[in-house]
Amino acid sequence: MAQFQPDHLSDSSDSAVARLLRHVDISSEERFSCGIPQQPRRSPEQHSNALCEDHHEIEPDQYGCFGQDSNIGGTICTVCCEDMKVVAFAKCNHKVICADCMLHMVMLYKIMQCPLCNGDLNQVTVTPWVEPEPPDWSHWANNLHHLWHKPEWSPQIYVSPDHYPGRDQPLHEYCWKMTARACRICDSKVERPFISDGILLTHAAVGQQRHLCIVCLQA
């Protein structure tokens, strides 16, 4: 096998490889064999500054997460990296996860710890994001009678009595429909949900002559 010759690299190629190696953790021997000078290991602060420079983001917040960006106009969920119109948080007050991701974590994957601090997610508040940030968990804990809560749906989830931002739809209705087992063909408004995955799979196969992937259904 022909041996790699670094002398054959052009200036532009050498620069591109060097830039790539900044973001890849490889040994000094591998760097030396490629003819690329070893880059000094960066501190966490330097790495954070490099991310801000490369992605035109603002500095990370106290949780190590990127917050608002003027080009996006909202706070970013640390799980899906999407604009967080609705936030879900527990007693730890880490308001960095959107409602969609939190419902998946708690109701589907049975993850009962905050991904940032491992705090318990035994009482999660779901509320629209408002500037500068929604009230802390203690505010909602003292007003549980105002929140929508159905233990048979989810014992951990409490939804504020607001509408989904930009929609004429109550927030609790959005959360419930998002997690309901319903046929999106004959029941697009989720008015007749099924009580189990098996019944929904049978309906799709017999009633709609379609195959519904169990992995996608559960996700």
Side-chain angles (χ1 to χ4, degrees), residues 43-45 47-49 51-52 55-182 190 193 218-219:
S43 66
E45 292 77 12
H47 182 70
S48 173
N49 293 335
L51 287 175
C52 295
H55 301 289
H56 306 290
E57 301 268 6
I58 64 171
E59 287 288 345
D61 60 16
Q62 58 181 322
Y63 311 125
C65 307
F66 289 106
Q68 291 186 334
D69 180 16
S70 58
N71 295 324
I72 297 175
T75 300
I76 305 302
C77 171
T78 59
V79 177
C80 66
C81 298
E82 296 291 339
D83 191 10
M84 188 164 57
K85 296 180 180 179
V86 180
V87 64
F89 56 94
K91 189 175 182 179
C92 61
N93 284 320
H94 286 151
K95 305 167 187 174
V96 294
I97 303 176
C98 72
D100 291 24
C101 290
M102 182 66 79
L103 292 178
H104 278 83
M105 287 169 49
V106 173
M107 299 181 66
L108 174 61
Y109 301 112
K110 308 302 180 184
I111 298 175
M112 298 302 173
Q113 290 80 36
C114 171
L116 295 181
C117 67
N118 289 327
D120 291 335
L121 297 179
N122 52 14
Q123 187 174 319
V124 176
T125 299
V126 178
T127 183
W129 182 268
V130 294
E131 299 297 344
E133 66 176 32
D136 287 344
W137 177 86
S138 59
H139 166 81
W140 302 106
N142 295 327
N143 296 276
L144 290 180
H145 58 284
H146 291 307
L147 304 181
W148 185 85
H149 177 61
K150 296 292 182 183
E152 63 274 16
W153 172 66
S154 175
Q156 296 83 17
I157 305 299
Y158 293 76
V159 186
S160 68
D162 298 285
H163 280 64
Y164 189 93
R167 300 183 187 179
D168 186 20
Q169 180 184 31
L171 184 55
H172 74 268
E173 180 180 303
Y174 167 83
C175 295
W176 180 78
K177 288 186 174 182
M178 188 192 73
T179 58
R181 302 181 184 92
V190 194
Q218 293 178 345

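Atoms considered below: every heavy atom in the structure, side chains included; atoms not considered: hydrogens, waters and symmetry mates. The first residue of the sequence shown is numbered 1, and numbering continues consecutively from there.
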Donor-acceptor under 3.5 Å (Asn142 side chain, Ser138 main chain): yes
Side-chain touch Trp153/Met107, heavy atoms, less than 4.5 angstrom: yes
Gln156 to Val106 - nearest heavy-atom pair and separation: OE1-CG1, 3.6 Å
Atom pair NZ/OG1 of Lys91 and Thr125 - distance to nearest 0.5 Å: 12.5 Å
Backbone N/O of Val96 and side chain of Thr78: donor-acceptor pair under 3.5 Å: yes
Neighbour count >12 (heavy atoms, 6.0 Å) for atom NZ, Lys177: yes
Glu82 CD to Cys77 SG distance, which is reported to the nearest 0.5 Å: 8.5 Å
Intermediate values then yes/no, side-chain contact (heavy atoms from CB on, under 4.5 Å), Thr75 and Val87: CA-CA 9 Å; Thr75 300; Val87 64; over 6 Å; no
Non-hydrogen side-chain atoms of Cys98 and Val79 separated by less than 4.5 Å: no
Spacing of Cys175 atom SG and Lys150 atom NZ [to the nearest 0.5 Å]: 14.0 Å
Donor-acceptor contact present, side-chain Asn118 to main-chain Gln113, <3.5 Å: no
Polar side-chain atom of His104 near backbone of Asp100 as donor-acceptor pair, under 3.5 Å: yes
Shortest non-hydrogen contact between Phe89 and His94, atoms and distance: CB-O, 3.6 Å
For Tyr158, the option from His149, His145, His146, His139 that meets ring pair (Phe, Tyr, Trp, His ring centres under 6.0 Å): His149
Of Leu147, Ile157, Asp162, the residue whose pairing with Val126 passes side chain to side chain contact (heavy atoms under 4.5 Å, CB included): Ile157
Contact check, side chains of Asp120 and Met112, non-hydrogen atoms, under 4.5 Å: no
Nearest-0.5 Å distance that lies between atom OG in Ser160 and atom CG in Asn143: 11.5 Å
Polar side-chain atom of Lys95 near backbone of Glu133 as donor-acceptor pair, under 3.5 Å: no
Reported OH-to-SG distance for the pair Tyr109 and Cys101, which is rounded to 0.5 angstrom: 10.0 Å
From CH2 (Trp129) to OG1 (Thr127), nearest 0.5 Å: 10.5 Å
Under 3.5 Å: donor-acceptor pair, side chain of Trp137, backbone of Gln123: yes
Heavy-atom side-chain contact between Cys92 and Leu116 under 4.5 Å: no
Student check: side-chain heavy atoms of Trp148 and Glu173 closer than 4.5 Å: no
